[in-house]
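Worksheet: the structure to be examined is printed underneath.
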Amino acid sequence: MLRELPERTRAIFLLYRLEGMKQAELATLYGMTTSGVQKHILKAMGHLTRQLRAGE
């Protein structure tokens, strides 16, 4: 499911959820706002939720 995400969205999500990086750190790393980081995280979470529900 994660492989279906765009590369940047997947990377941000994994660094945030698995590596525990803060949103501000990710924003600096990727040259974007924290709001932009939040959008990538929400996009990934929405995708994963939809895929898990579809498999029920």
Side-chain angles (χ1 to χ4, degrees):
M1 286 182 257
L2 289 173
R3 291 185 189 131
E4 297 169 354
L5 293 168
E7 185 176 332
R8 180 178 265 200
T9 300
R10 180 176 60 247
I12 289 172
F13 179 76
L14 291 173
L15 288 170
Y16 178 71
R17 296 295 291 184
L18 298 181
E19 301 296 328
M21 287 185 74
K22 297 184 184 311
Q23 291 180 9
E25 294 172 319
L26 290 164
T28 300
L29 180 65
Y30 284 95
M32 58 185 3
T33 63
T34 54
S35 176
V37 169
Q38 290 171 352
K39 289 177 184 176
H40 281 282
I41 293 167
L42 290 173
K43 180 179 181 176
M45 290 174 62
H47 173 74
L48 294 173
T49 300
R50 285 188 300 278
Q51 293 300 321
L52 288 171
R53 286 186 179 159
E56 289 180 353

- Query: Looking at Glu25 and Lys22, what are the two nearest heavy atoms and their distance?
  - Reply: OE1-N, 2.7 Å
Let me have the donor-acceptor pairs involving side chains of residues 12-20, under 3.5 Å, with sequence neighbours excluded, atom names and distances please.
none

- Query: What residues form a side chain to side chain contact (heavy atoms under 4.5 Å, CB included) with Thr28, not counting sequence neighbours?
  - Reply: none
- same_hphob_cluster(Leu42, Met21) at 4.5 Å side-chain heavy-atom cutoff: no
- Cluster check Met32, Met45: I/L/V/M/F/W/Y, side chain < 4.5 angstrom: yes
- Among residues two or more places apart or on two chains, list those pairs meeting side-chain hydrogen bond (donor to acceptor under 3.5 Å, both in side chains) that have a residue in residues 34-47. Glu4-His47, Thr9-His40, Gln23-Gln38
- Query: Is the backbone of Gly46 close enough, under 3.5 Å, to the side chain of Arg50 for a donor and an acceptor to pair up by distance?
  - Reply: yes
- Task: Would you give the length of the straight line joining atom CE of Met1 to atom CG of Leu48, rounded to the nearest 0.5 angstrom?
- Result: 6.5 Å
